[in-house]
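Shown next, in structure tokens, is the structure this report addresses.
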Amino acid sequence: MLIRTATAEDWPAIWAFLRRVVAAGETYSYPRDLDEDRARDIWMLEPPSRTVVATDPDGAVLGSAKMNPNHMGPAAHIAGASFMVAPEHGGRGVGRALGEHALEWARAEGYTAMQFNAVVESNTRAVALWRSLGFEVIGTVPKGFDHPTKGYVGLHIMHRFL
């Protein structure tokens with residue numbers, strides 16, 4: 001698996017799974033009817049932030065991540081990140097590879113910590129992955145996410161020092 005900076009040419013492959021994941025409404029707090037132009041603006045970040053793709057040896061996009069300051073000004077030393085893996089490539093280590101890459105990027109950029117603001121509590125695979133990479137749940141917004149089948153579930157705020 002190769003992780004590299006995403007290019008405009010990667011967008012169609014990212015959009016193909018991003019729209020399915022967002023429309024499912026189970027893991028992201030984006031509107032389920034998010035249109036492509038707005039999605040591209042949200043996902044494809046400009047430097048000093050970064051968007052990457054994970055590809056297989058044939059160049060197929062397996063997943064993507066975006067990394068950025070979590071806040072501005074005096075709180076800009078904390079990184080944030082978002083991750084999305086094409087559902088058909090889940091369980092193959094893509095999310096872990098992207099997570100490890102994001103942590104390395106944040107350290108290299110001089111961030112002191114990374115924080116995820118909205119990890120859906122019922123997304124147990126993601127919660128377990130982030131815990132295995134050293135993140136802790138530092139708070140949960142009760143009933144902060146309206147899951148399509150589970151109803152209101154919590155939104156974890158997860159954090160780790162770098």
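Only a predicted model underlies this, so the values are computations on that prediction, with no experimental measurement involved.
Within 6.0 Å of the CD atom in Glu46, the count of heavy atoms belonging to other residues, nucleotides or ligands does not exceed 12. In the displayed structure, Arg38 atom CZ is contacted under 6.0 Å by at most 12 heavy atoms of other residues, nucleotides or ligands. Within 6.0 Å of CZ on Arg125 lie no more than 12 heavy atoms contributed by other residues, nucleotides or ligands. Summarising the local packing, CD of Glu136 is surrounded by 12 or fewer heavy atoms from other residues, nucleotides or ligands at distances under 6.0 Å.
No donor-acceptor pair closer than 3.5 Å links the side chain of Lys66 to the backbone N or O of Ser49. In this structure, the side chain of Asp58 does not engage the main chain of Ala60 through any donor-acceptor pair within 3.5 Å. Counting only distance, with no hydrogens or angles, the side chain of Ser64 and the backbone of Val52 share a donor-acceptor pair below 3.5 Å.
Salt bridge status for Lys150 with Glu121: absent, with no side-chain N to carboxylate O gap under 4.0 Å.
Here Ile157 sits in one hydrophobic cluster together with Ile138; the rule is ILVMFWY side chains under 4.5 Å apart, joined directly or through other members.
Taking the six-membered ring for Trp and thresholds of 30 and 60 degrees, His159 and Phe161 have ring planes more than 60 degrees apart, a perpendicular arrangement. Taking the six-membered ring for Trp and thresholds of 30 and 60 degrees, Phe116 and Phe135 have nearly parallel ring planes, at less than 30 degrees apart.
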Run the numbers on Leu62 and Thr55 for side chain to side chain contact (heavy atoms under 4.5 Å, CB included), then give the verdict.
CA-CA 5 Å; Leu62 310 173; Thr55 63; 5.6 Å; no

What do the steps show when you test Ile14 against Met44 for side chain to side chain contact (heavy atoms under 4.5 Å, CB included), and what is the final call?
CA-CA 10 Å; Ile14 296 169; Met44 299 296 284; 4.0 Å; yes

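When the options Arg4, Arg50, Arg96 are evaluated for a side chain to side chain donor-acceptor pair (under 3.5 Å) with His101, the one that passes is Arg50.
Annotation: side chain of Trp43 is in contact with side chain of Trp11 (closest heavy-atom distance under 4.5 Å).
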